[in-house]
Amino acid sequence: MTKIYACLAGNWVCLNDDPECSIGDHLQNPYYWWEEGAPVYAPVERAKDIANSMYCLDYIHVFYKGKDWRLNPMFIQIVTE
């Protein structure tokens, strides 16, 4: 089984444990997000007016336990058991 973990506000949680959890622009369940390529927001070209802003950093949108999170991909870990 593949489990997707995320560090949310300093706590590592298993996203698979929340049946309502979704990841990415297509709001996929964590397992399918991983199996279908694990897309992240990572623009090749950045708009000049926000190029040095947090708005242009790579991220993954996560909906977990009723809250929306915007995470840098480094805060995601994949574990296969």
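This structure is a prediction, so every number in the text was calculated from the model and none was measured. These values consider heavy atoms only, across backbone and side chains, with no hydrogens, waters or symmetry-generated copies. Positions are given from 1, in the same order as the sequence printed here.
Between P30 and N16, the closest heavy-atom pair is CG-N, 4.3 Å. The two residues Y59 and R70 make their nearest non-hydrogen contact at CE2-NH2, 3.1 Å. Considering all non-hydrogen atoms of both residues, D68 and H61 come closest at OD1-NE2, 2.9 Å. Between Q28 and W33, the shortest heavy-atom contact is OE1-CA, 3.6 Å.
Distance check: K67 NZ to L8 CG gives 9.5 Å after rounding to the nearest 0.5 Å. D17 contributes atom CG, which lies 7.0 Å from atom OH of Y5 (distance to the nearest 0.5 angstrom). Note that CG of N29 and OG of S22 are 9.0 Å apart. Values are rounded to the nearest 0.5 Å. Considering NZ of K3 and CD of Q77, their distance stands at 14.0 Å, rounded to 0.5 Å.
For D25, the CG atom is loosely surrounded, since the number of other residues' heavy atoms within 6.0 Å does not exceed 12. Summarising the local packing, OH of Y41 is surrounded by more than 12 heavy atoms from other residues, nucleotides or ligands at distances under 6.0 Å. Around atom OH of Y31, no more than 12 heavy atoms belonging to other residues, nucleotides or ligands sit under 6.0 Å away.
Using a 4.5 Å heavy-atom threshold, the side chains of Y64 and L15 count as touching. No side-chain heavy atom of M74 sits less than 4.5 Å from a side-chain heavy atom of D58.
Put simply, W34 and F75 are part of two different groups of oily side chains (I, L, V, M, F, W, Y) that touch within less than 4.5 Å, one to the next. Hydrophobic clustering, with ILVMFWY side chains joined whenever heavy atoms are under 4.5 angstrom apart, groups I23 together with W69.
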- Task: Output, in order, the C-alpha distance, side-chain angles, deciding distance and verdict of side chain to side chain contact (heavy atoms under 4.5 Å, CB included) for I4 and I78.
- Result: CA-CA 5 Å; I4 316 300; I78 311 304; 3.5 Å; yes
